[in-house]
Amino acid sequence: MLFFRAPTLAVAVGAPVLLELCLENSEQTRVLRGSVLARAEEQGLWLQFPNTRFARDVETRGIVPRRSRRIGSDRLVKLRRAAGGEYLAMLLDVSQAGARVGGGLPPGLAKGDQLDVVLASVDPGHPPELGKATVAWVGEGEAGIAFDRSSPSARVAITKFFHSVEAPWKQAVEVGHLRDCCGKPGLREPSPPRLGIDRKGVTVVDDAMLAKLAAIKK
């Protein structure tokens with residue numbers, strides 16, 4: 001979980017979110033995909049992130065530098081293999097050099113494989129083909145791909161698409177971590193929501209709900 005201090009941000013509980021973490025002491029950023037778990041009234045939102053890969057990577061390897069900024073995305077792409085077959089996957093983040101894709105990956109995909117990357121839907125005036133790409137890594141249902149920028153048409157297509165993905169982020173709500181949050185007084189954030197497990201999975205249990213359940217038991 002992560003607390004996002006934005007008291008006036010109106011986002012419904014359960015809504016999907018993309019969160020970009022920006023580090024003050026470097027130009028490195030990371031994009032996390034999650035959802036709104038609960039609201040802390042007049043303070044902000046508690047967000048949940050089911051994929052803990054980023055936290056584990058930071059703990060074991062630290063922040064691995066990237067050559068260029070990546071932008072979070074929820075666009076769908078078609079991955080075509082040279083030997084045949086087309087697979088619909090989600091573009092998780094993208095830079096002008098490569099991208100991270102997940103869900104619906106071709107079976108048996110391995111480092112070094114060649115793919116053709118095509119947008120499932122395109123904006124007017126944008127070519128659907130992003131050109132060829134080479135698989136850089138595969139793990140945990142995701143894969144990193146490096147675009148082949150040797151073709152002028154591919155470079156133009158990738159640049160146009162990157163800027164179209166980047167545009168909405170310029171209007172995103174920005175929140176800075178409180179500088180005195182992690183000092184001696186402790187974290188300056190509301191108490192995390194209480195969680196319960198039911199047949200449908202994890203649910204949020206607040207004090208009002210607990211009081212209601214207690215009244216029912218009586």
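All values below were derived from every heavy atom in this structure, side-chain atoms included, with hydrogens, water molecules and symmetry-related copies excluded.
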Answer yes or no: is there a side-chain heavy-atom contact under 4.5 Å between [X] and [Y]?
{"X": "Val101", "Y": "Glu142", "value": "no"}
{"X": "Phe49", "Y": "Met1", "value": "no"}
{"X": "Arg155", "Y": "Gln96", "value": "no"}
{"X": "Trp46", "Y": "Arg39", "value": "no"}
{"X": "Val118", "Y": "Val77", "value": "no"}

Using the rule that Ile, Leu, Val, Met, Phe, Trp and Tyr join whenever any side-chain heavy atoms are under 4.5 Å apart, tell me whether [X] and [Y] fall into a single cluster.
{"X": "Val135", "Y": "Trp137", "answer": "no"}
{"X": "Leu21", "Y": "Leu47", "answer": "yes"}
{"X": "Phe147", "Y": "Val31", "answer": "yes"}

What is the minimum heavy-atom distance between [X] and [Y], and which atoms define it?
{"X": "Pro128", "Y": "Val122", "result": "CA-CG1, 3.4 Å"}
{"X": "Pro127", "Y": "Lys160", "result": "CD-CD, 4.4 Å"}
{"X": "Val94", "Y": "Phe162", "result": "O-CE1, 3.6 Å"}
{"X": "Gly34", "Y": "Pro50", "result": "CA-CD, 4.4 Å"}
{"X": "Leu18", "Y": "Gly72", "result": "CD1-C, 4.0 Å"}
{"X": "Val173", "Y": "Phe4", "result": "O-CZ, 3.9 Å"}

Got a second to check how far [X]'s [atom1] is from [Y]'s [atom2], nearest 0.5 Å?
{"X": "Ser35", "Y": "Leu45", "atom1": "OG", "atom2": "CG", "answer": "11.0 Å"}
{"X": "Leu37", "Y": "Phe3", "atom1": "CG", "atom2": "CZ", "answer": "12.5 Å"}
{"X": "Ser95", "Y": "Ile71", "atom1": "OG", "atom2": "CD1", "answer": "9.0 Å"}
{"X": "Asp93", "Y": "Arg75", "atom1": "CG", "atom2": "CZ", "answer": "14.5 Å"}
{"X": "Leu119", "Y": "Glu129", "atom1": "CG", "atom2": "CD", "answer": "8.5 Å"}

Under 3.5 Å: donor-acceptor pair, side chain of Arg33, backbone of Ser73: yes

For the pair Arg70 (side chain) and Arg100 (backbone), establish whether a donor and an acceptor sit closer than 3.5 Å, ignoring hydrogens and angles. no

Show me the donor-acceptor pairs within less than 3.5 Å that the side chains of residues 105-117 make with the rest of the protein, sequence neighbours left out.
{"unit_1": "Asp113", "atom_1": "OD2", "unit_2": "Arg81", "atom_2": "NH2", "d": "3.3"}
{"unit_1": "Asp113", "atom_1": "OD2", "unit_2": "Ala110", "atom_2": "N", "d": "2.9"}
{"unit_1": "Gln114", "atom_1": "OE1", "unit_2": "Thr134", "atom_2": "OG1", "d": "3.3"}
{"unit_1": "Gln114", "atom_1": "NE2", "unit_2": "Gly112", "atom_2": "O", "d": "3.4"}
{"unit_1": "Gln114", "atom_1": "NE2", "unit_2": "Thr134", "atom_2": "OG1", "d": "3.0"}
{"unit_1": "Asp116", "atom_1": "OD1", "unit_2": "Lys132", "atom_2": "NZ", "d": "3.1"}

For the CD atom on Glu174, are there more than 12 heavy atoms of other groups (residues, nucleotides or ligands in this structure) within a distance under 6.0 Å? no

Donor-acceptor contacts under 3.5 Å from residues 84-92 side chains, at least two apart:
{"unit_1": "Glu86", "atom_1": "OE1", "unit_2": "Arg80", "atom_2": "NE", "d": "2.5"}
{"unit_1": "Glu86", "atom_1": "OE1", "unit_2": "Arg80", "atom_2": "NH2", "d": "3.0"}

